[in-house]
Structures are given as C-alpha cells and as structure tokens.
Chemist: 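Pasting a structure here, questions to come.
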Amino acid sequence: MKSGFVSIVGRPNVGKSTLLNALLDTKLAITSDKAGTTRNIIEGVYEDEKCQIVFVDTPGIHKPVNQLGNILNQKAYTSSENVDIILFLIDVEKGFGKGDSFILERLKEERLPILLILNKVDKIKKEELLEKIAEYQKLYDFCEIFPISALKKDNLTKLIPTIQKYLPNEGKIFEDNTFTNISTDFYIGEIIREKVLRKTREEVPHAVTCVVEKRVEKKEKVIIHATIIVDRDSIKKIIVGKNASMLKSIGIDARLDLEEYFQKRVYLDLFVKVIENWRERESYLKELGLDDLEN
Ligand SMILES: Nc1nc2c(ncn2[C@@H]2O[C@H](COP(=O)(O)OP(=O)(O)OP(=O)(O)O)[C@@H](O)[C@H]2O)c(=O)[nH]1
Ligand SMILES: [Mg+2]
C-alpha cells in the first residue's frame, strides 16, 4: 500500500475545502463564498485498497492586511513544507493571476512534485479549458495539470490514481482508524462559523470566532452551549438580527448539520459575546482551554 501527505494550497475561495470534502466524501471543512473561510490546518485521511493519503487543507494565501492574514499565510506555507505532494489549486474561470504566480514562486522552493489543479471547470467552455491548459504548461514543469470541478465532483475519481503515482511511502501512515486532526468541539464551532459566514454580508469580519462552552452527550440527544465571539457591538447586532431572527436562522442551519453529524437530536444554545480587545479574547479562549489559531 502506498501512502503520503498531500497539501491543498492556493488563493482564498478557489475551492480547497470543497475539494477536501469531496475527496473524503464527507463534510470535514467548512466552505463559503467569502474569501478566508478556512483558518486552521485541517487534515483528513483518505483510504482505499491501494493507498492511504493524508490530505491537508490550508488557509487561502493572500496579500495580508493584518496580523491574522500573516498568521494564516504562514500556516499555509508551513503545512506545505512537510508533505510529499502539493496540490496547487486555481480557479480556472478567473485564470492564473498575479496572486497565483506569487504562490507558485514560493512553492517551487519546496522542490516537491506540484500538481496544478484547475478547479471550477463547470464554469468555463471546453475550448477555453484546452487553451488554458496549453498556456499553463509554459509556466512551470508541473507534474500534472488536472482539470476538476470539486463542487460537481467532476474528474475526481481520476485524481486519486494520479496522486498515487507520486506517493513515496510503502505501508500505511496510520494503522488505527485516525481520520482527522480536528476535535468534535472545534468542528461544532466551525459549523456555526460557516452559517455566520454564509448568512451575513461582507461587513461581518472573518474575525468571528465560535466556541463550544459546554457539550453534554446523552443516549438520544446532544446538548450544546456555544458562543459566537465578535469584536464590535455593531457586528453583534447584525448576527443577532431583528427580533433575534438572524441568530435563530444561524442556529437552525447549524443544528441540522450537527444532527447529521451526531446522528441524533441536537439542542443548540447560541450566545453572542462582544470582546473588543484581542488580548482579552485570547485569555477568554485560553480559559476554555482553547487557542483559536493553534493548529
Ligand atoms: N462552480 C463551482 N464552484 C465551486 C467549485 N468548488 C468550490 N466552489 C465554490 O467556491 C466557493 C469557495 O469554496 P471553498 O471550498 O470555501 O474555497 P477555499 O479555497 O477553501 O477558500 P478559503 O478557505 O477561503 O481559502 C464556495 O462557494 C464553493 O461552493 C467548483 O468546482 N465549481
Ligand atoms: Mg477553505
């Protein structure tokens, strides 16, 4: 059996987390149409009779405007240092832009096999795709240029055997049933954050953090108390909405996903808390035994 680590890297919003979920056939990482959705390194293990692959989803690499941006970029680069293959994703409809060139220059330094993945092929015409492939072949000696649609699961069955050709190890990395590096509480927080991102507009910053304060699992139900932490009262107002309508709607959508995950009834109590000061927020999280940007 072949095995190895494969990182999924690229600009924000190109579909990295959608690809991770599609390859693993489960919802592990949250996705949204807002750039900067993923903030942590999320690993998921794929396995079939022939291979075991640890896929590593990373935050989108972008021109940072604040410290959070710097941290996210750094995480994405670091998690591409200790892998065997890099899947470099671009949004084929948008084309290979300046940001992509910038990332490519940095990835080249790793001297690892780079597969250029052209995602969102469902958005362009076939002739256009062929032209683009010819154009991108000139950019770098990619070991493959591979068109897919992560959303429509187009061409994904061929992607695994393609990756497999470049896997270095013989034997499994994990002998036990390890599937991911993320904890249940982290996952719950992410599902809530996804609903916040999906339901609110751009004015709600990505610095929204969702944490589980308490989780009680019973035989036929799960009781969860979670807090959405924001840095301004105006953002709290948006998230709560008129007569708490937005918060309710976030709660309903999150609960449905969580019921699917736990396969039992979920009681979800959501609170919104304003913590303006970044340090105060960090110590609040630490008290809960959490570090927002740890992994
Ligand atoms: N049409 C189309 N949309 C896609 C495809 N793959 C992803 N998307 C959409 O693109 C948006 C971004 O997807 P994500 O998977 O969150 O992107 P990401 O690269 O993980 O983004 P960050 O975490 O912000 O770096 C979502 O709205 C997806 O539904 C695709 O193949 N076709
Ligand atoms: Mg993502």
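Computed from a predicted structure; not experimentally measured. Residue indices begin at 1 and follow the sequence shown. Read the numbers this way: they start at 1 and go in the same order the structure lists the ligands and their atoms.
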Chemist: Looking at ligand 1, does any of its N/O atoms fall within less than 3.5 Å of an N/O of Gly36?
Modeler: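 Yes, Gly36 has an N/O under 3.5 Å of an N/O on ligand 1.
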Chemist: Would you say Thr18 and ligand 1 have an N/O pair spaced under 3.5 Å apart?
Modeler: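 Among all N and O atoms of Thr18, at least one is under 3.5 Å from an N or O of ligand 1.
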Chemist: Is the shortest N/O to N/O distance between Ser17 and ligand 1 below 3.5 Å?
Modeler: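 Right, the criterion is met.
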Chemist: Which label fits Tyr46 and Phe55: parallel for a plane angle under 30°, tilted from 30 to 60°, or perpendicular past 60°?
Modeler: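 It falls in the perpendicular class, over 60°.
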Chemist: Answer yes or no as to whether an N/O/S atom of Thr18 is found below 2.8 Å from the Mg ion (ligand 2).
Modeler: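 No N, O or S atom of Thr18 is closer than 2.8 Å to the Mg ion (ligand 2), so no.
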Chemist: Can you tell me the protein heavy atom closest to atom 1 (N) of ligand 1 and the distance?
Modeler: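 Result for atom 1 (N) of ligand 1: Asp122 OD2, 2.8 Å.
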Chemist: Near Gly60, which atoms of ligand 1 are under 4.0 Å from a heavy atom of that residue?
Modeler: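 Taking each heavy atom of Gly60 in turn, ligand 1 has 25 (O) under 4.0 Å.
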Chemist: For atom 9 (C) of ligand 1, grab the closest protein heavy atom and report residue, atom and distance to one decimal in Å.
Modeler: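 Residue, atom and distance for the closest contact: Lys120 NZ, 3.9 Å.
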Chemist: Is it the case that more than 12 heavy atoms not belonging to Glu217 sit under 6.0 Å from its CD atom?
Modeler: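 Above 12, so yes.
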Chemist: Has Arg193 got a side-chain atom pairing as donor or acceptor with Thr37's backbone, closer than 3.5 angstrom?
Modeler: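 Yes; at least one donor-acceptor contact below 3.5 Å.
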Chemist: What protein heavy atom lies closest to atom 21 (O) of ligand 1? Include the residue and the distance to one decimal.
Modeler: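 Its nearest protein heavy-atom neighbour is Asn13 N, 2.9 Å.
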Chemist: N/O to N/O below 3.5 Å, does that happen between Thr58 and ligand 1?
Modeler: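 Looking only at distances, the answer is no, because the N/O contact criterion of under 3.5 Å is not met.
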Chemist: Below 3.5 Å, N or O to N or O, backbone or side chain included: is there any such pair between Asp57 and ligand 1?
Modeler: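 Min N/O separation from ligand 1 is not below 3.5 Å for Asp57.
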Chemist: Going by the order shown, which atoms of ligand 1 are within less than 4.0 Å of some heavy atom of Asp33?
Modeler: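 This gives 27 (O) as the contact atoms.
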Chemist: Sub-3.5 Å donor-acceptor pair from the side chain of Asp122 to the main-chain atoms of Ser149, do we have one?
Modeler: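 Checked: no pair found.
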Chemist: In plain terms, say whether Glu105 and Lys108 are close enough for a salt bridge, that is, a side-chain N and a carboxylate O under 4.0 Å apart.
Modeler: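 Yes, this pair counts.
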Chemist: Using a plain distance cutoff, I'd like to know if Val14 has any nitrogen or oxygen under 3.5 Å from a nitrogen or oxygen of ligand 1.
Modeler: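 Val14 vs ligand 1: N/O contact under 3.5 Å present.
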Chemist: Using a 3.5 Å distance criterion without hydrogens, assess whether the side chain of Lys16 forms a donor-acceptor pair with backbone atoms of Val56.
Modeler: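 Looks like no, no N/O pair under 3.5 Å.
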Chemist: Are the side chain of Thr178 and the backbone N or O of Phe174 linked by a donor-acceptor pair below 3.5 Å?
Modeler: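 Absent.
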Chemist: Do Ala150 and ligand 1 have an N or O pair less than 3.5 Å apart?
Modeler: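 Between Ala150 and ligand 1 (N or O atoms, distance only) the closest approach is under 3.5 Å.
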Chemist: Where's the contact between Ser32 and ligand 1, heavy-atom distance under 4.0 Å: side chain, backbone, both or neither?
Modeler: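 For Ser32, only backbone atoms sit under 4.0 Å from ligand 1.
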Chemist: Look only at the side chain of Asp100 and the backbone of Gly97, and say whether a donor-acceptor pair between them is shorter than 3.5 Å.
Modeler: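 Yes, the answer is positive, given that a donor and an acceptor are paired below the 3.5 Å cut-off.
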Chemist: Will you find, in the side chains of Ser80 and Ser7, an N or O donor that is under 3.5 Å from an N or O acceptor?
Modeler: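 Judged by distance alone, the side chains do pair up.
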Chemist: Heavy-atom distances under 4.0 Å decide this one: backbone, side chain, both or neither, for Asn119 against ligand 1?
Modeler: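 For Asn119, only side-chain atoms sit under 4.0 Å from ligand 1.
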Chemist: Give the numbers and elements of all ligand 1 atoms closer than 4.0 Å to a heavy atom of Ser149.
Modeler: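 Counting atoms of ligand 1 from 1, those under 4.0 Å from Ser149 are 30 (C), 31 (O), 32 (N).
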Chemist: How close do Asp231 and Glu276 get, counting heavy atoms only, and between which atoms?
Modeler: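 Closest approach of Asp231 to Glu276: O-CG, 3.2 Å.
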Chemist: Any N/O/S of Thr31 under 2.8 Å from the Mg ion (ligand 2)?
Modeler: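 It does not: Thr31 brings no N, O or S atom closer than 2.8 Å to the Mg ion (ligand 2).
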Chemist: Flag the pair Phe142 / Tyr136 as yes when their ring centroid distance falls below 6.0 Å, and as no otherwise.
Modeler: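 Between Tyr136 and Phe142, which both carry aromatic rings, the centre distance is not below 6.0 Å.
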Chemist: For atom 3 (N) of ligand 1, what's the nearest protein heavy-atom neighbour? Residue, atom name and distance, please.
Modeler: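 Checking every protein heavy atom, the shortest distance to atom 3 (N) of ligand 1 gives Leu151 CD2, 3.6 Å.
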Chemist: Counting only N and O atoms by type, is there a donor-acceptor contact under 3.5 Å from the side chain of Tyr267 to the main-chain atoms of Val222?
Modeler: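 No, Tyr267 side chain to Val222 backbone: no donor-acceptor pair under 3.5 Å.
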Chemist: Please name the residue in the list Asp257, Asp253, Thr200 that meets the side chain to side chain donor-acceptor pair (under 3.5 Å) test with Lys195.
Modeler: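 With Lys195 as partner, side chain to side chain donor-acceptor pair (under 3.5 Å) holds for just one option, Asp257.
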Chemist: What part of Lys123, side chain, backbone, both or neither, has a heavy atom within less than 4.0 angstrom of ligand 1?
Modeler: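 The answer is the side chain of Lys123.
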Chemist: Among all protein heavy atoms in this structure, tell me which lies nearest to atom 25 (O) of ligand 1, with the distance rounded to 0.1 Å.
Modeler: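 Of every protein heavy atom, Lys16 NZ, 2.8 Å lies nearest to atom 25 (O) of ligand 1.
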Chemist: Among all protein non-hydrogen atoms, which one is nearest to atom 17 (O) of ligand 1, and what is the separation to 0.1 Å?
Modeler: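 Minimum-distance protein heavy atom for atom 17 (O) of ligand 1 reads Gly15 N, 3.1 Å.
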